[in-house]
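Heads up: the structure comes next, in structure tokens.
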Amino acid sequence: MQQHLADKNIALDLVRVTEAAALASAVQTGRGDKDAVDQAAVNAMRIAFQALHIRGTVVIGEGEKDHAPMLFNGEKVGFGDGPEMDVAVDPVDGTSCVAFGRPNGMASAGLALKGTMFNPGHSYYCMKLVVPREAAGVADLDAPAGETAAKVAKALGKGICELNVFVLDKPRHEKLASELREAGARVLLHPEGDIAGALMVADPFSNVDMLIGIGGTPEAIITACGIKGSGAQMLTRLAPKTEEERRAIEQDGIDLKAVRSLDDLVKTDQCYFACTGVTSGELLDGVRYRRGYAITQSLTTRGRTGTRRLIQAFHDRNKLSKMSSVRY
């Protein structure tokens, strides 16, 4: 029975969770309050999980690193009558994007069979490299960035001058961006959103060819659920920003030097992912409002089949408000 239930494409139910978080947090767009954005998304996500037929335990409760509202690690979610699942959530990836009316805010969540999701403990940041299916065999986190870019370009059958590399626009990446440009690659700088960036790398119809740089460790686990089954590869190494974080990771007994691949982060292909746009970006449209309806656009993936679904939904705001305590 457990196996049969786990074979169901739970991503099609999970998308209702990310839709709820997106709808609730979109109300806070442009109001300048990041905590209000997070709180609205967390409240809606927690309620929506109650209708999901899983016995879930939150392994990745994004929010602890910046003291934002969160679904906490170890919290039980789901209706309680389905397969046992590890749960990873980022109620809003890009809270400042939503709070200040910028692009690329989205709600996301991932599921994997119990005991198969890497628990990074107190690690909040890691180095990441994501490459598409065609370049999975040349991924190397220890090689110079320019050298890696050249190998990825060759694997894709294009010149390095045509290679588009997604990099978070942070001071820590100034040297990295310079190395990539010197090698001839195009550097696409984004203020936030490396989950979306990785999903675009895994998408054969996207113009993003590679992602590299330091981003959130919780986001890396969620990303792994999203690109599992696509053939893309992700390599990571923990990169603590402070000595306090480093000591906490060591006390967790986690090897700081280890390079972890996609299969180390999520050890099963029975995993599921969903995300819904809050503010519009390159990957998804944000929440839009028309004649009493809220329109959402979501992406779901299933590790076992590699299937990606783009879902547009029209939500009657009056009916939703009558059914839920959440403000939509």
Atom CD of Glu244 with >12 non-hydrogen neighbours under 6.0 angstrom:
no
Check for me, please, whether Ile311 and Leu283 land in the same ILVMFWY cluster - side-chain distances under 4.5 Å, paths through other members count.
no
Pairwise side-chain contact, Val266 with Thr268, heavy-atom cut-off 4.5 Å (strictly under)
yes
Please report the C-alpha distance between Lys128 and Glu219 in whole Å, then the side-chain angles of each, then the deciding distance to 0.1 Å, and finally whether the salt bridge (Lys or Arg N to Asp or Glu O under 4.0 Å) criterion is met.
CA-CA 10 Å; Lys128 308 176 188 179; Glu219 289 86 347; 5.2 Å; no
When you look at CZ of Arg237, are more than 12 heavy atoms from neighbouring residues, nucleotides or ligands closer to it than 6.0 Å?
yes
Is there a donor-acceptor contact under 3.5 Å linking the side chains of Lys114 and Thr57?
no
Ile214-Val259 co-clustered via ILVMFWY side chain contacts under 4.5 Å:
yes
Can Leu12 be reached from Leu111 by stepping across I, L, V, M, F, W or Y side chains whose heavy atoms are under 4.5 Å apart?
no
Listed partners of Glu282 passing side chain to side chain donor-acceptor pair (under 3.5 Å), at least two apart:
His190
With a cut-off of 6.0 Å (strictly less than), are more than 12 heavy atoms of other residues, nucleotides or ligands near OH of Tyr293?
no
May I ask whether Leu156 and Leu235 are part of the same hydrophobic cluster, defined by side-chain heavy atoms of I, L, V, M, F, W, Y residues being less than 4.5 angstrom apart, directly or through others?
yes
Tell me whether Lys158 at atom NZ has more than 12 heavy atoms from other residues, nucleotides or ligands lying less than 6.0 Å away.
yes
Please confirm whether the backbone N or O of Val15 pairs with a side-chain atom of Thr18, one donor and one acceptor, at under 3.5 Å?
yes
May I ask you to check whether Ser123 and Thr217 show a side-chain donor-acceptor distance below 3.5 Å?
yes
Is there a donor-acceptor pair under 3.5 Å between the side chain of Glu75 and the backbone N or O of Phe72?
yes
How about Lys154: does its NZ atom have over 12 heavy atoms from other parts shown lying under 6.0 Å from it?
no
Might you confirm whether atom CZ of Phe79 has over 12 heavy atoms from other residues, nucleotides or ligands at distances under 6.0 Å?
no
With distance as the sole test, does Asp86 use its side chain to make a donor-acceptor pair with the main-chain N or O of Gly115 at under 3.5 Å?
yes
